[in-house]
Amino acid sequence: MSLHQFLLEPITCHAWNRDRTQIAISPNNHEVHIYQKSGNQWVKSHELKEHNGHITGIDWAPKSDRIVTCGADRNAYVWSLKDGVWKPTLVILRINRAATFVKWSPLENKFAVGSGARLISVCYFESDNDWWVSKHIKKPIRSTVLSLDWHPNNVLLAAGSCDFKCRVFSAYIKEVEEKPGPTVWGSKMPFGEVMFESGPSGAAGEGAGGGWVHGVCFSQSGNRLAWTSHDSTVAIAEGGKTSTISSLISETLPLLCVSFITENSLVAAGHDCYPVLFVFDGAKGSVTYGGKLDVPKQTSQRGISARERFQNLDRRGSSSETTEQGLESLHKNSISQISVLEGGKSKCSKFCTTGMDGGMVIWDVKSLESSMKDLKIV
Amino acid sequence: MEALQAVLKNPPINTKNQKVKERAEGLVLKVLSAFKSSDVENGIQSLDKNGVDLLMKYIYKGFETPSDNSSAVLLQWHEKALSAGGVGCILRVLTARKTV
């Protein structure tokens with residue numbers, strides 16, 4: 001686990017390049033900073049300034065080496081590296097509210113942008129006119145789209161939005177690809193078709209409720225979809241059997257981002273400032289809490305002095321044993337994004353989290369497994 | 001103990017009738033105050049996760065209209081329910097769209 005503190009401003013979003021030597025981050029303003037790894041330090045190598053509003057999403061396409069950014073100024077730019085300089089190309093999204101999230105598709109011939117205009121813009125490159133064209137998915141979305149994830153077949157797109165639902169859409173564009181084969185989520189996939197819509201997170205007998213869906217993630221095979229919601233629940237749906245949505249109500253603060261690390265386990269992180277492991281049992285269809293992934297080393301075990309005891313009593317109304325002066329986790333503020341660094345979503349060995357404290361932490365799965373005895377990553 | 005289970009069994013979530021909700025809330029309050037302080041812990045253990053969430057909703061509803069003794073009793077229940085349900089439980093009270 002290595003923590004690197006970039007700046008004091010929150011990191012709104014980040015993206016890694018293919019060999020993980022460069023990271024593009026946005027420090028909560030209009031710019032993107034690209035840092036290059038040199039030894040153990042990170043050196044700023046480029047600054048991309050083109051947006052007029054805060055940048056809300058960055059994604060770096062590993063194979064074609066292009067960066068797409070989207071921002072609160074309702075625009076998206078595709079950046080390509082030419083002669084050592086990143087050159088932007090404007091993408092006309094035709095949205096009238098801010099963009100919230102952007103993701104390249106697995107084959108990198110299109111990307112999807114979620115926005116506050118209650119629609120998803122799927123953009124592809126039209127070589128006749130030499131520019132990016134966007135198509136909109138509007139139909140059942142009734143509020144801001146908060147997060148997106150592509151299915152490995154390059155056609156299905158999962159979107160979580162503020163109308164408390166997680167949906168799988170088809171983003172099939174006939175100009176750039178051939179018809180996809182049938183998947184567990186359905187076989188006929190015209191553009192904009194809703195293949196799956198979740199009920200409110202977890203049918204906990206409370207009727208329509210749940211919360212904003214903050215993070216969604218497909219598993220490596222694309223058969224499973226996980227999402228986290230603002231009512232502190234995590235849910236996993238298995239494609240095909242339409243009504244099996246297994247959800248777990250957790251006791252922590254809401255989780256903001258989630259990612260599969262193997263076919264059966266996922267890591268999620270959020271307002272609690274530490275990543276958490278969940279294990280899904282496909283046979284039983286249940287999600288269980290695996291454990292907290294951030295156990296600080298037992299630092300000082302010194303006894304608490306009498307003076308401190310009274311001080312605690314005075315300040316906090318309790319004479320508890322622990323001297324919890326600050327958060328004991330590596331991140332000091334909410335974690336906003338999690339990304340898999342090595343191993344893909346099926347056998348992840350390293351993942352990275354960035355948060356509102358301006359820090360980036362790289363977690364190593366093997367060392368986590370060995371340091372926490374009960375942790376089992378299935 | 002059974003009174004607790006019974007009163008939590010059919011919460012008036014779907015009705016728009018304010019009177020029904022108030023009556024249900026009054027009933028829950030009576031049951032909660034009838035418990036001895038030492039029994040509160042056992043009461044919470046007997047509920048499942050959804051029950052704890054529901055109980056938390058009633059507790060917060062009760063906080064909204066404090067009467068003479070209710071706050072103390074509710075605070076006690078709140079502390080025990082918090083240790084059972086965690087912060088996530090409170091979040092579900094805040095984000096739930098259909099109130100008790």
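All values below come from the heavy atoms of this structure, side chains included, with hydrogens, waters and symmetry mates left out. In what follows, chains carry the letters A, B, and so on, assigned in the order in which the sequence lines appear, proteins first and then strands, with residues in each chain numbered from 1.
- In the displayed structure, W77(B) atom CH2 is contacted under 6.0 Å by more than 12 heavy atoms of other residues, nucleotides or ligands.
- Using a 4.5 Å heavy-atom cutoff, the side chains of D231(A) and L91(B) are not in contact.
- Nearest heavy-atom pair, G88(B) versus S232(A), reported as atom, atom and distance to 0.1 Å: CA-OG, 3.5 Å.
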*Would L94(B) and H230(A) satisfy side-chain contact (heavy atoms from CB on, under 4.5 Å), going step by step from the backbone distance to the final call?*
CA-CA 10 Å; L94(B) 293 173; H230(A) 201 69; over 6 Å; no
